[in-house]
Amino acid sequence: MNRNRNIDNTVQQLSKFLAIICFILFSGNVSGQELKSPDAKLVAKFALKTGGVPTYSLTYKGKAVIRPSKLGLALKTGTSLLDGFTITDTKTSTFNETWKPVWGEVKEIVNHYNELAVTLTQQATDRYIILRFRLYNDGLGFRYEFPEQKKLDYFVIKEERSQFALAGDHKAFWLPGDYDTQEYSTVTSNLSEVRAKMKDAVTPNASQTTFSPTGLQTPLMMKSKDGLYINIHEAALINYSCMSLNLDDKNMVLESWLTPDAIGDKGYMQAPCQSPWRTIIVSDKAGDILTSKLTYNLNEPTKFKDVSWIKPTKYVGVWWEMITGKSTWAYNDLTSVQLGVTDYSKTKPNGKHAANTAHVKEYIDFAAKNGLDAVLVEGWNEGWEDWFGKTKDYVFDFVTPYPDFDVQELHRYAASKGIKMIMHHETSSSVRNYERHIDTAYKFMKANGYDAVKSGYVGNMIPRGEHHYGQWLINHYQYAVEKAAEYKIMVNAHEAVRPTGLARTYPNLIGNEAARGTEYEAFGGNNADHTTILPFTRLIGGPMDYTPGIFETKVSAYNPENTSFVHSTLARQLALYVTMYSPLQMAADLPETYNKYMDAFQFIKDVAIDWDDTKVLEAEPGDYITYARKAKGKNDWFIGSTCDENGRMSKIDFSFLDKGKKYLATIYADGKGAHYETNPKAYAIRKIEVTSKTKISQYCAPGGGYAISVMAK
């Protein structure tokens with residue numbers, strides 16, 4: 001009897017003990033979860049605050065990167081996913097792999113992270129979501145996941161409320177938040193100055209829709225007063241609206257701001273689904289931001305079994321002469337044409353149409369003579385007379401050439417010279433029209449030897465009211481890339497959404513514009529510091545078709561009516577082939593100009609476009625960047641350096657070279673008295689022998705830089 005009573009007491013005490021343990025564990029879940037990066041330098045914390053509000057924070061080496069910040073989504077109807085949550089499950093894991101990109105800045109990429117997945121249940125609605133955090137040595141990614149469930153199947157997002165509460169009034173390199181363009185000059189200022197500088201920052205564009213006096217685009221690059229470099233962006237943007245950031249400049253809190261559709265909704269969702277990853281890259285070294293592969297790592301591996309048809313490409317094109325106004329895209333000077341109605345053979349040519357058979361053959365000859373891969377031709381197809389500003393639906397058919405452009409003959413001629421052709425599909429943002437024609441257009445391309453397409457989305461969208469970065473258009477860009485892959489076509493999309501690392505999954509997305517490129521040098525010019533910033537901002541998500549290589553820096557040399565000039569020295573134009581990474585690189589100037597400077601053009605001929613390794617030798621956003629890159633499958637290196645309007649002395653340490661080996665370095669540098677405004681063409685070329693022990697100093701002129709080919713002996 002007493003024995004049984006003792007057993008009962010023991011059981012009761014054990015039950016109480018277990019209950020206390022469970023309470024402690026449960027309380028621990030409520031108070032928060034901690035996640036460390038593999039090297040333990042980054043620490044992310046998740047916690048539910050009063051009212052069941054999800055929050056997170058991030059520190060780097062003990063310094064605050066993101067102060068406690070709220071997470072959640074406001075829905076168009078019903079109870080929003082902002083509060084009232086309890087933690088009902090947590091899972092932690094670690095992952096470590098090394099993968100090889102189809103093309104890239106390095107041969108292999110390490111994908112190593114620690115993960116925390118928190119299941120949050122909103123008891124009042126019987127709905128649940130998962131917040132997934134992945135912490136790498138170079139930063140944090142997090143996203144919302146919506147598992148299939150009865151109480152949350154179809155829903156419409158009113159706004160995503162992801163916050164990034166900053167630890168101070170950081171120096172920022174920013175663009176105005178806009179639903180339709182990224183083609184603004186970067187403003188460098190403290191965040192507290194954004195509101196005062198916004199009006200001047202919003203310059204005219206073919207299509208633009210700003211949304212807030214403190215709205216900012218991603219990637220947003222910042223530097224804290226205590227020396228942290230912080231970059232906020234997104235990864236794996238699929239079936240979701242593009243994220244901008246809205247700044248609370250009193251509290252220094254950034255909050256996600258999604259692009260709406262034509263009726264103001266910001267996302268139509270059907271579970272199971274998820275948001276893109278929200279990314280925060282951080283380091284106390286500027287170069288670490290440039291070499292981070294976090295954005296790519298948060299994307300899925302490639303879906304293509306065969307990638308042999310995806311080839312890095314160096315090309316010339318019938319383009320710059322139209323941009324400068326020397327030539328035209330249009331065949332005649334009519335102001336109104338109709339496809340299938342206008343008989344172009346009966347119209348009077350304007351005499352300035354560049355995309356004619358004889359002229360394109362000159363570009364093909366130049367490419368073949370100088371070892372380039374391909375020729376791009378713009379303005380080859382009917383419809384360019386009234387293509388812009390008319391919100392015209394049936395604007396192009398993408399298969400009917402002008403009378404002076406012989407598709408079959410140029411296919412034959414290019415093939416005989418070993419040159420590929422790049423098709424141009426300008427949609428004039430009539431996206432519905434493009435989708436109607438896309439299969440026919442891609443079939444036409446393949447039938448005529450075109451393996452790559454440059455697509456364009458200039459102007460306001462059709463369907464009218466939609467924006468370039470809304471969910472509907474995100475899905476269109478994705479459709480175009482996936483459809484192109486069916487035909488083994490590579491895509492270089494201009495005016496599309498800024499990249500978010502999707503080229504890992506779809507490596508036929510070989511290029512994008514999505515920023516002010518070289519074309520703006522003919523539209524008044526880019527700031528001299530432009531190319532010292534873009535690798536820290538725009539290039540975080542993927543390569544840019546920047547179209548460098550302009551040697552004739554006075555646009556008036558081609559068009560006397562255009563007084564613009566290229567805000568760069570000639571030597572820096574060479575450096576951009578290294579500093580502005582892309583597997584698709586254009587020698588953008590005219591062949592007749594290159595023929596005057598063949599000693600400098602030699603670097604464009606030599607420079608690789610696919611790499612086994614990349615080193616950042618020097619970097620400070622807005623001031624200078626110096627890269628060294630090792631050519632794919634070779635022991636040759638190429639160095640490029642770009643600086644701002646102040647000029648500088650660059651110091652180069654060649655310790656990255658193989659020990660005990662000798663190399664021939666050909667240095668293409670700014671010449672005596674070089675200056676991007678007054679003496680841009682002054683350059684000097686010299687050759688020296690270098691080894692891993694060599695150290696040299698090289699002057700960079702204002703708005704200048706240098707390029708070096710380092711060839712193994």
Side-chain angles (χ1 to χ4, degrees), residues 35-44 58-61 65 92-117 132-143 219 228-236 276-304 307 310 312 499-507 509 535-536 539-543 578 581-583 608 610-617 619 625 627-635 637 655-656 658:
L35 184 67
K36 292 184 178 180
S37 60
D39 65 4
K41 292 178 181 178
L42 278 162
V43 179
L58 182 67
T59 59
Y60 176 76
K61 295 182 179 179
V65 179
T92 58
S93 60
T94 188
F95 184 82
N96 192 358
E97 69 169 357
T98 299
W99 59 278
K100 294 183 178 181
V102 176
W103 44 259
E105 297 175 272
V106 291
K107 180 168 60 176
E108 295 181 335
I109 294 175
V110 175
N111 184 18
H112 187 195
Y113 60 83
N114 292 329
E115 181 176 281
L116 169 66
R132 192 174 302 276
F133 299 87
R134 289 182 180 172
L135 195 55
Y136 297 77
N137 290 340
D138 51 346
L140 173 68
F142 66 87
R143 75 179 180 189
L228 290 185
Y229 298 88
I230 303 165
N231 185 285
I232 297 176
H233 189 34
E234 61 182 326
W277 295 93
R278 281 60 188 97
T279 63
I280 307 164
I281 303 172
V282 59
S283 180
D284 49 14
K285 296 179 181 178
D288 291 349
I289 306 296
L290 297 175
T291 57
S292 171
K293 295 295 178 283
L294 182 146
T295 311
Y296 283 103
N297 279 330
L298 287 168
N299 280 268
E300 294 297 317
T302 182
K303 295 182 179 294
F304 306 151
V307 294
I310 301 172
T500 59
L502 280 171
R504 179 188 182 188
T505 314
Y506 304 94
L509 183 58
F536 287 99
L539 271 67
I540 292 296
V578 181
Y581 166 68
S582 180
D610 199 14
W611 309 100
D612 274 343
D613 198 8
T614 290
K615 308 288 186 184
V616 178
L617 305 184
I625 299 173
Y627 279 105
R629 302 188 193 270
K630 186 179 183 183
K632 178 74 73 175
K634 297 182 180 179
N635 202 25
W637 288 78
S655 58
F656 55 85
D658 289 346

J.: For Gly633, is there any backbone N or O sitting under 3.5 Å from a side-chain donor or acceptor partner on Asp612?
T.: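 Yes: the side chain of Asp612 pairs with the backbone of Gly633.
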J.: Ignoring hydrogens and geometry, is there a side-chain-to-backbone donor-acceptor pair from Arg629 to Val578 under 3.5 Å?
T.: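 Yes; judged by distance alone, with no hydrogens or angles, the pair exists.
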J.: Would you give the length of the straight line joining atom CG of Asp138 to atom CG of Leu294, rounded to the nearest 0.5 angstrom?
T.: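 The CG atom of Leu294 is 5.0 Å from CG of Asp138, to the nearest 0.5 Å.
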J.: Could you check whether any side-chain N or O of Ser37 sits under 3.5 Å from a backbone N or O of Leu42, counting only pairs where one atom can act as donor and the other as acceptor?
T.: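 The answer is yes, because a donor-acceptor pair under 3.5 Å joins these two groups.
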J.: Please report the closest heavy-atom contact between Leu290 and Pro535, naming both atoms and the distance.
T.: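 For Leu290 and Pro535, the tightest heavy-atom pair comes out as CD2-O, 3.4 Å.
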J.: When rounded to the nearest 0.5 angstrom, what is the spacing between CG in Asn297 and NE2 in His112?
T.: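 Answer rounded to 0.5 Å: 11.5 Å.
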J.: After noting the C-alpha distance and the side-chain angles of Ile310 and Val102, does the key distance pass the side-chain contact (heavy atoms from CB on, under 4.5 Å) rule?
T.: CA-CA 8 Å; Ile310 301 172; Val102 176; 4.2 Å; yes
J.: Looking only at heavy atoms, what is the nearest atom pair of Arg143 and Pro276, with distance?
T.: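 Residues Arg143 and Pro276, closest heavy atoms: CB-O, 3.5 Å.
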J.: If every non-hydrogen atom of Ile109 is compared with every non-hydrogen atom of Pro101, which pair is closest and at what distance?
T.: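 Closest approach of Ile109 to Pro101: CD1-CG, 4.2 Å.
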J.: Could you check whether atom CD of Glu300 has more than 12 heavy atoms from other residues, nucleotides or ligands sitting under 6.0 Å from it?
T.: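 Result for CD/Glu300: open.
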J.: What heavy-atom pair brings Arg134 and Tyr113 nearest, and what distance separates the two atoms?
T.: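 Result for this residue pair: CZ-OH, 3.4 Å.
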J.: Hey, does the side chain of Arg504 reach the backbone of Asn299 with a donor-acceptor pair shorter than 3.5 angstrom?
T.: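 A pair under 3.5 Å: yes.
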J.: Decide if atom NZ of Lys632 counts as having more than 12 heavy atoms of other residues, nucleotides or ligands within a radius under 6.0 Å.
T.: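 Count over threshold, so yes.
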J.: With rounding to the nearest 0.5 Å, note down the distance linking CG in Leu135 to CG in Leu140.
T.: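 Reported value, rounded in 0.5 Å steps: 5.5 Å.
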J.: Going by side chain to side chain donor-acceptor pair (under 3.5 Å), name the residues that satisfy it together with Thr94, two or more places apart in sequence or in a different chain.
T.: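 Result, side chain to side chain donor-acceptor pair (under 3.5 Å) vs Thr94: Asn114.
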J.: Where is the tightest heavy-atom contact between Leu298 and Ala235, given as atom of each residue plus distance?
T.: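 Nearest heavy atoms, Leu298 then Ala235: CB-CB, 3.8 Å.
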J.: Checking Phe536 now: which residues fulfil ring-ring contact (aromatic ring centres under 6.0 Å, His included) with it, not counting sequence neighbours?
T.: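 Counting only residues at least two positions away or on another chain, Phe536 forms no ring-ring contact (aromatic ring centres under 6.0 Å, His included).
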J.: Measure from the side-chain N and O atoms of Thr614 to the backbone N and O of Glu105, and report whether any donor-acceptor pair falls under 3.5 Å.
T.: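 Yes.
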J.: Is there side-chain contact between Thr302 and Thr505, with at least one heavy-atom pair below 4.5 Å?
T.: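 No, every pair of side-chain atoms sits at 4.5 Å or beyond.
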J.: Verify whether one side chain among Asp658 and Asn635 offers a donor that lies under 3.5 Å from an acceptor in the other.
T.: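 Short answer, yes.
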J.: Atom NZ in Lys100, atom CD in Glu108: separation rounded to 0.5 Å?
T.: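 So the gap between those two atoms works out to 5.0 Å.
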J.: Do the side-chain N and O atoms of Asn111 and Tyr136 include a donor-acceptor pair separated by under 3.5 angstrom?
T.: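 Side chains of Asn111 and Tyr136: pair found under 3.5 Å.
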J.: For the rings on Phe142 and Trp277, is their centre-to-centre separation under 6.0 Å?
T.: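 No, the ring centres sit 6.0 Å or more apart.
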J.: Are side-chain heavy atoms of Trp611 and Lys630 found at a separation under 4.5 Å?
T.: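 Heavy-atom side-chain distance check fails, nothing below 4.5 Å.
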J.: Using side chain to side chain donor-acceptor pair (under 3.5 Å) as the criterion, list what pairs up with Ser283, not counting sequence neighbours.
T.: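 Ser283: side chain to side chain donor-acceptor pair (under 3.5 Å) contacts with Asp288.
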J.: Can you tell me how far the OH atom of Tyr229 sits from the OG atom of Ser292, to the nearest 0.5 Å?
T.: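 Tyr229 atom OH to Ser292 atom OG measures 15.5 Å (nearest 0.5 Å).
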J.: What class does the angle between the rings of Tyr296 and Trp99 fall in, given that below 30° is parallel, 30 to 60° is tilted and above 60° is perpendicular?
T.: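 Rings of Tyr296 and Trp99: tilted, 30 to 60°.
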J.: Where the side chain of Thr279 meets the backbone of Gly141, is there a donor-acceptor pair that is under 3.5 Å apart?
T.: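 No: the side chain of Thr279 does not pair with the backbone of Gly141.
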J.: If I compare all heavy atoms of Ala608 with all of Ala631, which pair ends up nearest, and what's the gap?
T.: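 For Ala608 and Ala631, the tightest heavy-atom pair comes out as CB-CB, 3.7 Å.
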J.: Any chance you could measure Leu539, atom CG, to Ile289, atom CD1, to the nearest 0.5 Å?
T.: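 Interatomic distance, Leu539 CG to Ile289 CD1, rounded to 0.5 Å: 14.0 Å.
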